[in-house]
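What follows is a set of notes on a single structure, which appears directly below.
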Amino acid sequence: MRPTTSPRQRAENLLYSIFDAAEDGCHTITASAGGPCAVIRFHNEGRRTYLGQGVAMADIISSIAAALTGEVCGVVLRSIEGEGKARAWGWHVRGLAATPLTADALRFAYSRDERTGEALPPEPGLYYDDAPHINLV
């Protein structure tokens, strides 16, 4: 029998995996399953992760858990790299698996209007990179 993982535990595992994968600097996580969208800003310095002032980890976990309630969830990590540059990584989250997106797959998803499907102009300074593997269990 497989152990069950609650939505809160899955959200916590996702956050800590992304915090660990992100390098030093300022980052934004966006998670959405077509309904509620969670946006979390954080800063990594060495082996420490800092959240915004007055932000409680419990509130962030609740927000991510709500976004992960759908069957499928998309998660994007944007990292500021200075000099007007930012990198984007993405994952397709389903159940207990977070599948890393390639740079091309994320670019395609990120550069389309979600309502019309039409191409959007490229965002200056943003580049897409293959996401690393992260664990949810």
Side-chain angles (χ1 to χ4, degrees):
M1 186 169 147
R2 282 181 85 181
T4 60
T5 303
S6 73
R8 287 187 64 79
Q9 184 62 54
R10 188 169 71 135
E12 188 174 323
N13 293 349
L14 174 70
L15 284 171
Y16 286 126
S17 290
I18 292 175
F19 291 162
D20 288 346
E23 298 165 353
D24 283 358
C26 298
H27 310 276
T28 302
I29 299 169
T30 305
S32 176
C37 181
V39 178
I40 287 77
R41 289 175 180 77
F42 68 98
H43 180 86
N44 274 355
E45 189 174 309
R47 298 197 40 83
R48 300 191 81 130
T49 297
Y50 300 93
L51 304 173
Q53 187 172 359
V55 176
M57 190 63 176
D59 293 337
I60 290 175
I61 290 170
S62 293
S63 181
I64 290 287
L68 292 175
T69 57
E71 180 70 20
V72 177
C73 181
V75 177
V76 173
L77 173 67
R78 286 179 65 132
S79 301
I80 305 302
E81 295 190 338
E83 299 179 28
K85 291 195 178 253
R87 177 191 64 218
W89 286 340
W91 296 267
H92 178 254
V93 179
R94 175 181 232 131
L96 297 177
T99 304
L101 296 176
T102 64
D104 287 339
L106 185 58
R107 182 180 302 104
F108 181 81
Y110 226 77
S111 61
R112 298 276 170 207
D113 183 292
E114 67 180 66
R115 282 172 270 163
T116 66
E118 293 182 27
L120 297 171
E123 189 174 330
L126 178 65
Y127 75 95
Y128 305 91
D129 202 1
D130 294 347
H133 176 78
I134 59 174
N135 294 311
L136 294 186
V137 289

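When reading the values below, keep in mind they use all heavy atoms of this one structure, side chains included, and skip hydrogens, waters and symmetry mates. These numbers come from a predicted model, not from an experiment.
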For residues Y16 and I29: do they belong to one hydrophobic cluster (side chain heavy atoms under 4.5 Å, members Ile, Leu, Val, Met, Phe, Trp, Tyr)? yes
Indicate yes or no: at least one non-hydrogen side-chain atom of T28 is less than 4.5 angstrom from one of V39. yes
Could you tell me the separation between the CD atom of E45 and the SG atom of C26, rounded to the nearest 0.5 Å? 10.0 Å
Strictly by modelled atom types, are E123 and Y110 linked by a side-chain donor-acceptor pair under 3.5 Å? no
Quick check: are there more than 12 heavy atoms from other residues, nucleotides or ligands sitting under 6.0 Å from CZ of F108? no
Taking all non-hydrogen atoms of both residues into account, name the closest pair between A131 and P100 and its distance. O-CB, 3.2 Å
Do W91 side-chain atoms and H133 backbone N/O form a donor-acceptor pair below 3.5 Å? no
Nearest heavy-atom approach of A38 to I40 is CB-CD1, 4.0 Å
Scanning both residues in full, the closest heavy-atom pair of G117 with R112 reads O-CD, 3.2 Å
Looking only at heavy atoms, the pair that brings G90 and L106 closest together is N-CD2, 3.6 Å
Donor-acceptor check, side chain of N44 to backbone of F19, threshold 3.5 angstrom: yes or no? yes
Give a yes or no answer on whether the side chain of D129 reaches the backbone of W89 with a donor-acceptor pair at less than 3.5 Å. no
Cluster overlap I134 with L101, hydrophobic side-chain contacts below 4.5 Å: no
Please indicate whether R41 has more than 12 foreign heavy atoms, meaning atoms of other residues, nucleotides or ligands, lying under 6.0 Å from its CZ. no
Nearest heavy atoms of D24 and G46, plus distance in Å: OD1-N, 2.9 Å
T99 and R94, any side-chain heavy atoms less than 4.5 Å apart: no
Mind checking whether H27 and I18 have side chains closer than 4.5 Å, heavy atoms only? no
V75 reachable from L15 in the ILVMFWY side-chain graph, under 4.5 Å edges: yes
In terms of heavy-atom contacts, L126 and R87 come closest through CD1-C, 4.2 Å
Distance-only side-chain donor-acceptor flag, T102 / D130, under 3.5 Å: no
Whether T30 side chain and V76 backbone form a donor-acceptor pair below 3.5 Å: no
